[in-house]
Asks: 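Quick one: the structure is below, questions incoming.
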Amino acid sequence: MSQNGVAANNGSTRKGVTYNNILEAAQRPTPLVPLRKLKVEHQLQSDIYVKLEYLNIAGSLEDRTADKAFQFAEEIGVVRGDKVFVTAGGSAAISYATVAAVKGIKLTIYAPKGEFALVDTVLHTLGVDVVELPVTTYSEARAQTEEAAQQKNVFCLNKFTTNAAFVANLQKTACEIERAMNNKSIGKVGAVVIPLNTGAPAAGIAAYYKGTGDHGVRVVGVTCKKDTIPEMGLDLKKDLLQEYGVEQREVDEDEAYAFTRHLIGTEGIMAGPSSGAAVLEAIKLAKELPAGSTIIVVLQDGIRNYLRHFLDDDWITAHKKNVVTRKDGPQPNSTYDPKVLEYDPTKLAGEWTQDPVTKSWSHSDVEFNEFNPERPLVLDTVLDAIGKTPLVKLQHVPKAHGVKCNVYVKCEYMNAGGSTKDRIAKRMVEIAEKTGRPGKLVPGVTLIEPTSGNTGIGLSLASAVRGYKCIITMPKKMSKEKAIAMASLGSTIIRTPNEAGFDSPHSHIGVALRLKSEIQDAVVLDQYCNPGNPLAHYEQTAEEIIYDMGDKHIDLVVLTAGTGGTVTGISRKIHEKIPTAKVVGVDPHGSILAGPAETDIDFYEVEGIGYDFLPGTLDTSAIDYWAKSHDKESFLMARELIRTEGILCGGSSGCAVHYALEECKSLNLPADANVVVLLPDGIRNYITKFLDDDWMNERHFLDA
Ligand code: P1T
């Protein structure tokens, strides 16, 4: 990790951090968030805090174990290019594969039959081989993996995995919890609740408290009665649990699935089912412990691997008769007054003005927030886990494409809802709550938003936390994964035809306007016109980049554009503070943001970028120049970043990096030049799309 000391660009003192690879970013502690609504709902006299392990670099607690296991392997001589076998499934498999990708190790994963398909697709994209074994238990699978490793004379990681999980959680997870407790002075921990699979992480945490001589902390492991929740109790090390005094409790699996869905919808905690099961048990435990106790729940993983599983109503209907599915939300009436469509998405609300001397900007309607670089260990709500994303230097991709200079990527997929658009969703809600613009957010209000999905996920998250209803209108082109994420957060999703132009009554914008006229107390925050959109990036995202780059000068910043909020906000701040830096916008062929005009509007696959109109939030004069992008190069680059850097980014991220590298080459940037690229979202949104070879092949994107 490079700690950047005293700074240069604007003469202030900064202590930012850039990371030399995504694994270094994993050294950041995950935050704790209190469950406020569930406390009221269950009339608890104690506090429950959840530790958001799904915000780790590959999305789970297992990232810690995988990192440690490879460290152990390196200590005995495993190096880049070596072949390694490991037995793993689910989130753990993705963690091992991500670490192996960063370290350039050729990994083969052995798993008992029946691991679910979404995970396999991710593993395949990460470049690992997967061997499905004709066995049902992990102990059988482990034995076969070890045998196969001997025959092939490769290294088997299994010998380290239990110990790695134990040590990583003793040294990191438990210490992070204690540091967080001390910092916030929220009292002493009464219990740590954690889902059990092997149980080694639970034993590690228990060992920590034993080691400190603190016998007052109960460590409670949770399994499910029928062993059918993914990642629960499948490979349990009972002796280890006993040795460190880990208590064991069991939950009913249907209850756990139903509760996890409730947890996501009420608290915006986007957890997987084993994590939900642990929270459910923590609530029961809270009723047994003395009033005023503090319980920490370690959340194993997030929703990514379960979008086609318990979060999908089709799956619930087929598999879980006892779990209630979602009700249909409102639909727009077929008749409407054409006046409701009288609206111009190309006009920004209020006015931005620039001080001619200081060059800093202000806005007529909104007071700016001060930049805050701190990342507290204990947050007020999950919305505070938005921002402060890591800036990581690419190690392989630039060189592989003949680029000499340094390329840093800002990993926005590590935001609470999974994208950079979380920032604007949070900011637009904050502004409306404070100023009543563009509408009053009273209790019971319905937020309606036209979106390509990520703003919708951010607003669904904000609505869950703040207690608003939420309706999202989204073109059919956008992934089912995004729709399920939003539905899980409690929103209603209405799909609109791709071919409907922005001013059609049937477009995502048209349907949102019609619904607004039909629903009482409805507000469209409207990311195309809302000053909070560019402002969130001006106030915060750009400041984070400048702060983290510290004394490293910035030569070029490359950003994709949809609403243009990202590129406008960042560009204004970068030009204000670093006048020599250039900002490039990337716009897909088929869109008109960068020109040419309407005649060239066409379909493209990359989600979130480009439009058939110029949104009010885009100020083209803020951008130095544009590049036009193609789908194929964008997706291939995203897959390359995943496979060679372990950076689990989405399609527009690949687009931004591809065209950044093209710029570096055409400008012939020297080795000491620094380029920053923003990665707007991550793989969760696209597992059945560009991560899937069949999807890529159908569109000839894998053709040579
Ligand atoms: O809107 P803008 O700040 O220009 O960001 C563009 C962008 C890039 N990449 C992805 C994956 C995105 O989702 C977006 C923008 N998304 C929306 C406009 C939306 O409604 O989610």
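Numbering starts at 1 and runs along the sequence shown. Quick caveat: nothing in here was measured; it's all calculated off a predicted structure. Atoms within each ligand, like the ligands themselves, are counted from 1 in listed order.
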Asks: If hydrogens are left out, which of Ser452, Gly608, Gly585 has an atom nearest to atom 15 (C) of ligand 1, that is, the closest non-hydrogen atom?
Replies: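 Nearest heavy atom to atom 15 (C) of ligand 1 lies in Gly608.
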Asks: Are Lys573 and Ile546 close enough that some pair of their side-chain heavy atoms sits under 4.5 Å apart?
Replies: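 SC-SC contact between Lys573 and Ile546 confirmed.
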Asks: Heavy-atom contacts under 4.0 Å between Tyr686 and ligand 1: side chain, backbone, both, or neither?
Replies: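 Answer for Tyr686: side chain.
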Asks: With a 4.0 Å cut-off on heavy atoms, does Gln527 reach ligand 1?
Replies: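 Contact present.
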Asks: Indicate yes or no for a side-chain donor-acceptor contact from Arg437 to the backbone of Ala432 under 3.5 Å, with no hydrogens or angles considered.
Replies: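 Side chain of Arg437 to backbone of Ala432: no pair is present.
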Asks: Side chain, backbone, both or neither: which part of Thr455 has a heavy atom under 4.0 Å from ligand 1?
Replies: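 Both backbone and side chain of Thr455 come within 4.0 Å of ligand 1.
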Asks: Does Asp681 reach ligand 1 with a nitrogen or oxygen that is under 3.5 Å from one of the ligand's nitrogen or oxygen atoms?
Replies: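 Not met; the criterion fails.
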Asks: Would Tyr538 and Glu576 count as having a side-chain donor-acceptor pair, cut-off 3.5 Å?
Replies: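 Tyr538 vs Glu576: donor-acceptor pair found between side chains.
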Asks: Any side-chain to backbone donor/acceptor pair from Gln395 onto Glu645? Under 3.5 Å, distance only.
Replies: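 Absent.
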Asks: Do Thr563 and Gln527 have side-chain atoms, one donor and one acceptor, less than 3.5 Å apart?
Replies: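 No, because no side-chain N or O of Thr563 sits under 3.5 Å from a partner of the opposite role on Gln527.
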Asks: Identify the protein heavy atom lying closest to atom 9 (N) of ligand 1, giving its residue, its atom name and the separation to 0.1 Å.
Replies: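 Protein heavy atom at minimum distance: Ser652 OG, 2.6 Å.
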Asks: May I ask you to list the atoms of ligand 1 that are less than 4.0 angstrom from any heavy atom of Gly565?
Replies: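 Answer for ligand 1: 3 (O), 4 (O).
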Asks: Going by the order shown, which atoms of ligand 1 are within less than 4.0 Å of some heavy atom of Thr560?
Replies: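 That gives atoms 8 (C) of ligand 1.
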Asks: Which of parallel (below 30°), tilted (30 to 60°) and perpendicular (above 60°) describes Tyr611 and Tyr528?
Replies: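 Correct class here is perpendicular.
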Asks: Apply side chain to side chain donor-acceptor pair (under 3.5 Å) to Asp301 and Tyr306, showing your working.
Replies: CA-CA 10 Å; Asp301 66 3; Tyr306 312 102; 2.7 Å; yes
Asks: I need the atoms of ligand 1 closer than 4.0 Å to a non-hydrogen atom of Thr563, numbered in the order shown.
Replies: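 This gives 1 (O), 2 (P), 3 (O), 4 (O), 18 (C) as the contact atoms.
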Asks: Taking both backbone and side-chain atoms of Gly562, is any N or O found less than 3.5 Å from an N or O belonging to ligand 1?
Replies: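 Yes, there is a polar N/O contact under 3.5 Å.
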Asks: Which ligand 1 atoms, with their elements, are less than 4.0 angstrom from a heavy-atom of Tyr611?
Replies: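 By the 4.0 Å cutoff, the relevant atoms are 18 (C).
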Asks: Can you confirm whether the side chains of Asp526 and Tyr343 place a donor and an acceptor under 3.5 Å from each other?
Replies: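 Yes.
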Asks: Tell me which part of Tyr413 gets within contact of ligand 1: side chain, backbone, both or neither, using heavy atoms under 4.0 Å.
Replies: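 For Tyr413, no heavy atom sits under 4.0 Å from ligand 1.
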Asks: Can you find a pair of side-chain heavy atoms, one from Tyr336 and one from Leu341, that are under 4.5 Å apart?
Replies: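 SC-SC contact between Tyr336 and Leu341 confirmed.
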Asks: Within the 3.5 Å criterion, strictly below it, is a donor on Thr98 or Asp63 matched to an acceptor on the partner's side chain?
Replies: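 Absent: no donor and acceptor within the cut-off.
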Asks: Does any N or O of ligand 1 fall below 3.5 Å from an N or O anywhere on Gly564, backbone included?
Replies: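 Min N/O separation from ligand 1 is below 3.5 Å for Gly564.
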Asks: Any nitrogen or oxygen of Asn454, side chain or backbone, less than 3.5 Å from one on ligand 1?
Replies: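 Yes, there is a polar N/O contact under 3.5 Å.
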Asks: Give the contacting part of Glu607 toward ligand 1: side chain, backbone, both or neither, where contact means a heavy-atom distance below 4.0 Å.
Replies: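 Looking at Glu607 and ligand 1, just backbone atoms fall under 4.0 Å.
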Asks: Under 4.0 Å, counting heavy atoms only: does Ala561 come that close to any atom of ligand 1?
Replies: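 Within the 4.0 Å threshold, so yes.
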Asks: Among Phe690, Tyr686, Phe635, whose ring pair (Phe, Tyr, Trp, His ring centres under 6.0 Å) with Trp695 holds?
Replies: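 One option only clears the test, and that one is Phe635.
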Asks: State whether the side chain of Glu481 and the backbone N or O of Leu307 hold a donor-acceptor pair below 3.5 Å, judged by distance alone.
Replies: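 Pair absent, no side-chain N/O of Glu481 close to backbone of Leu307.
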Asks: Looking only at protein heavy atoms, which one is nearest to atom 20 (O) of ligand 1, and what is the separation?
Replies: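 In this structure, atom 20 (O) of ligand 1 has Thr451 OG1, 2.5 Å as its nearest protein heavy atom.
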Asks: Do any heavy atoms of Ile609 fall under 4.0 Å from ligand 1?
Replies: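 Judged by the 4.0 Å heavy-atom criterion, Ile609 does count as contacting ligand 1.
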Asks: Can an N or O of Thr566 be found at a distance shorter than 3.5 Å from an N or O of ligand 1?
Replies: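 Yes.
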